[in-house]
Amino acid sequence: MANKKRHKSTLARSEKVKALTALHYEAGNQAKCYKAVWRRWIEPEFGICYRTYLNMLGLDPDTERSPDKTPSLFDDL
């Protein structure tokens with residue numbers, strides 16, 4: 001999945017989601033689990049489903065922003 005190109009806005013939103021999660025998530029506390037954080041903070045602000053939220057937590061912007069050279073019509077001539 002690292003080969004999939006992501007938009008800059010998606011990566012920026014992912015960073016905001018991770019920051020909110022870092023503020024409110026607490027391991028071992030069911031009242032502050034990922035589902036509760038999504039329900040209370042993420043879903044009202046970003047309007048994304050739980051599955052998308054979990055996918056965004058797994059994004060690594062450093063590997064996603066690797067500068068890929070776009071192919072040209074004149075390559076390999």
Side-chain angles (χ1 to χ4, degrees):
M1 196 150 161
N3 296 348
K4 188 173 182 181
K5 182 173 168 60
R6 307 237 186 243
H7 294 281
K8 290 178 186 178
S9 60
T10 303
L11 295 174
R13 189 171 11 144
S14 173
E15 289 300 311
K16 291 178 184 176
V17 164
K18 287 180 183 180
L20 272 175
T21 301
L23 283 175
H24 301 288
Y25 174 74
E26 190 176 302
N29 185 353
Q30 289 298 315
K32 295 184 178 184
C33 65
Y34 285 129
K35 189 92 171 190
V37 170
W38 168 77
R39 189 179 301 121
R40 173 85 167 103
W41 301 99
I42 304 298
E43 201 271 333
E45 184 174 340
F46 296 99
I48 59 175
C49 69
Y50 183 63
R51 186 71 230 166
T52 303
Y53 167 63
L54 292 179
N55 287 336
M56 283 188 163
L57 290 178
L59 289 181
D60 185 20
D62 297 330
T63 59
E64 298 287 334
R65 290 184 183 163
S66 62
D68 293 333
K69 182 182 174 196
T70 57
S72 172
L73 290 174
F74 304 106
D75 286 346
D76 300 327
L77 285 180

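All of these numbers come straight from a predicted model, not from anything done at the bench. As a basis for the values below, the full set of heavy atoms in this structure was taken, side chains included, without hydrogen atoms, waters or symmetry mates.
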To the nearest 0.5 Å, what is the distance between CE on Met56 and OG1 on Thr10? 6.0 Å
What one should report as the nearest heavy-atom pair of Ala31 and Ala36 is O-CB, 3.4 Å
Using the six-membered ring wherever Trp is involved, compare the ring planes of Tyr34 and Tyr25 and label them parallel, tilted or perpendicular (cut-offs 30° and 60°). parallel
Grouping I, L, V, M, F, W and Y whenever their side-chain heavy atoms are under 4.5 Å apart, do Tyr53 and Leu59 come out in a common cluster? no
To the nearest 0.5 angstrom, please state how far the CZ atom of Arg13 sits from the NZ atom of Lys8. 15.5 Å
Restricting to salt bridge (Lys or Arg N to Asp or Glu O under 4.0 Å), what partner residues turn up for Glu26, sequence neighbours left out? Lys32
Straight-line distance of Ser14 OG to Ile48 CD1, nearest 0.5 Å: 9.0 Å
Describe, in one word, how the ring planes of Trp38 and Tyr50 are oriented to each other, choosing from parallel (under 30°), tilted (30 to 60°) and perpendicular (over 60°). perpendicular
Give a yes or no on whether Leu11 and Leu57 share a hydrophobic cluster (residues Ile, Leu, Val, Met, Phe, Trp, Tyr; joining criterion: side-chain heavy atoms under 4.5 Å apart). no
Supply the atom-to-atom distance Arg40 CZ to Glu45 CD, rounded to the nearest 0.5 angstrom. 12.0 Å
Using side-chain contact (heavy atoms from CB on, under 4.5 Å), reason through Leu20 and Val37 one step at a time and then give a plain yes or no. CA-CA 8 Å; Leu20 272 175; Val37 170; 5.8 Å; no
With side-chain contact (heavy atoms from CB on, under 4.5 Å) as the criterion, how do Thr21 and Lys18 come out once you've worked through the C-alpha distance, each side chain's angles and the decisive distance to 0.1 Å? CA-CA 5 Å; Thr21 301; Lys18 287 180 183 180; 5.5 Å; no
